[in-house]
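Labels below follow one simple rule: chain letters A, B, ... track the order of the sequence lines, proteins then strands, and each chain is numbered from 1.
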Amino acid sequence: MSKVRVRFAPSPTGYLHIGGARTALFNFLFARRHQGTFVLRIEDTDTVRSTQESVDEILKAMRWLGLSWDEGPFYQSGRFPLYKEKVQQLLRQGKAYRCYCTPEELEQKREQAMAEGRKPKYDGTCRNLKESREEKPYVVRFRSPESGVTTFEDLIKGAISFHNDELDDIIIQRTDGTPTYNFVVVVDDVEMGITHVIRGDDHVNNTPRQIHMYEALGAALPAFAHVPMILGADKTRLSKRHGATSVMAYEEMGYLPEALVNYLVRLGWSHGDQEIFSLEELIEKFSLENVGRSAGVFNPEKLLWLNSHYIKNGDSRRLGGLLQRHLERMGLAVPRPEVLPDVVVLFRERDKTLEEMAKNAAFLFRDKPELDEAAAEKFLVAANRGLLEAIILHLERCDPFTHDALEDCIGRVMAETGLKMGKVAQPVRVAVTGGTVSPSVFAILPILGREETLKRLRAALAMIK
RNA sequence: GUCCCUAUCGUCUAGCCCGGCCUAGGACACCGGCCUUUCACGCCGGCGACGGGGGUUCAAAUCCCCCUGGGGACGCCA
């Protein structure tokens, strides 16, 4: 079998969304699995809507996910002469023809057909025009067979057939001379030697026409694999209404790329009962045969669970670096980044995103804690004054200021006062963190340091008085 | 409307191709318990599905047909 060549071909009219990312991921995995080549191609034939910013955004998202490509990015906008030449070739061979119908006429015909319950396809008005009217604006249409059946074997869905009379003559070149998607995709896939076309389900209907174009161009057919769509909770196509759909929005919300990759690949693909996969493992195990055939619903809770899994198990130094970025985005300075890995270790069991971790660990990086009113009213009360004084006294002398030493010191406070752990820990927690929820106080205090800890405890005491 | 695709717990899925091992397995979520300095985490347990109807067969989640549901396409977008 010839060497595998696949491509991801986004259109740069926005950011990389979840669905596109999964298509890219499947292509990437398939290429790596077969030691093939992954080509990146920018489909920007719509010069009006395509932007460089979108290209940059898409590349950034792919890099973040770790989906590296081997060739490209190739821009279709830079290949117009090639397409023009191919259009001329089809025109000469009579496999395409000029159409002088105006957009308005076509729109009208479409509406009428719909109203009459017919399929709104091009009626072929200009298909057999004898004279050429060069002076009038025209588009070029591909001449589609009028009868017969076109069948292809989809690697995911199996055999798919279309009656050719359902197909109409689609436009391959616009009035302004630019080519359209269905044509360039074929020209480029042929030119770039693409062996497997792995793309979204929504392209199934385009496939028979594209097959005709391969034939018209005298090219061999690639294999096709159509991956099912991703839907929202209401089973409609995933959109902003269902929450974030941009890949980079997940980065901002504190998700790890490996979590998103793991989630996306399991949405529609499986390997027995296994849920957790590293990228290396995916490359080893991925196969199109195990991709499901029906659309899947995007489930944010499961993504969150995977993210928490990778936060729990990831390298604390790397996570610390990522956490720093989130803290800084919140406007907090991190004067001692070397404590960050320890912070990660403290919070990784409780926070499901880095964003959440940054929020919950923020008290460590503020000048003073943001006091939760209800918590203060409950624990920073006159009745606890003596307790706080005793704690301060013991902590002043607690040496070293470490987890175990602190445990001993607080233990002495408990012995003196006869109070249980719960009674002693909560006032300290509130004084130091500002709230009632945090990791173990014995773990927090060493990170904060003796000086800062005492400062906060004294401030709390002062408040009570 | 027409065409194409699709159908196992609320969701992602295993099983289906090669019918019996399925009183249908796993995961997320949810509920309960345990653990516990708070909140989590973790552990244990529970709830929960073969869309409906016909066939074929000794036997069907697994094969065939119809219906229904869902999705997609029908653009001088990709």
Just to be sure I understand the rule, does A/Pro439 reach a base, reach only the sugar-phosphate, or reach nothing, if contact means heavy atoms closer than 4.0 Å? base
OP1 or OP2 of B/U13 less than 4.0 angstrom from a side-chain nitrogen or oxygen of A/Arg266, does that happen here? no
Take A/Phe30 and A/His196 through the ring pair (Phe, Tyr, Trp, His ring centres under 6.0 Å) test and state the conclusion after the steps. CA-CA 9 Å; A/Phe30 188 76; A/His196 300 256; 4.8 Å; yes
Please confirm whether any donor atom in the side chain of A/Thr175 sits under 3.5 Å from an acceptor in the base of B/C76, or the reverse. yes
Taking it one step at a time, do A/Thr180 and A/Val184 satisfy side-chain contact (heavy atoms from CB on, under 4.5 Å)? CA-CA 6 Å; A/Thr180 61; A/Val184 294; over 6 Å; no
Does A/Thr45 put a side-chain nitrogen or oxygen below 4.0 Å from OP1 or OP2 of B/C77? no
Base, sugar-phosphate or nothing for A/Ser308? Non-hydrogen atoms, less than 4.0 Å. nothing
Taking atom types as they are modelled, is there a donor-acceptor pair under 3.5 Å from the base of B/U37 to the side chain of A/Arg429? yes
Quick check: any donor-acceptor pair below 3.5 Å linking the side-chain of A/Glu107 to the base of B/G75? no
How would you label the contact of A/Gly268 with the nucleic acid (heavy atoms, under 4.0 Å): base, sugar-phosphate, or nothing? sugar-phosphate
Can you classify the ring geometry of A/Phe298 versus A/Tyr250 as parallel (below 30°), tilted (30 to 60°) or perpendicular (above 60°)? perpendicular
Starting at atom CG of A/Asn313, determine the distance to atom C1' of B/C41, rounded to an integer number of angstrom. 12 Å
Mind checking A/Asn206 for me? I need base, sugar-phosphate or nothing, with any heavy atom below 4.0 Å counting as a touch. base
Can you confirm if the NZ or CZ of A/Arg141 lies within 45° of the ring axis of A/Tyr122 and under 6.0 Å from the centre of its six-membered ring? yes
Can you tell me whether the side chain of A/Ser440 and the base of B/U37 have a donor-acceptor pair closer than 3.5 Å? yes
Do the side chain of A/Asp273 and the base of B/G25 come within less than 3.5 angstrom through a donor-acceptor pair of N or O atoms? yes
Please determine whether a side-chain nitrogen or oxygen atom of A/Lys235 lies at a distance below 4.0 Å from atom OP1 or OP2 of B/U11. yes
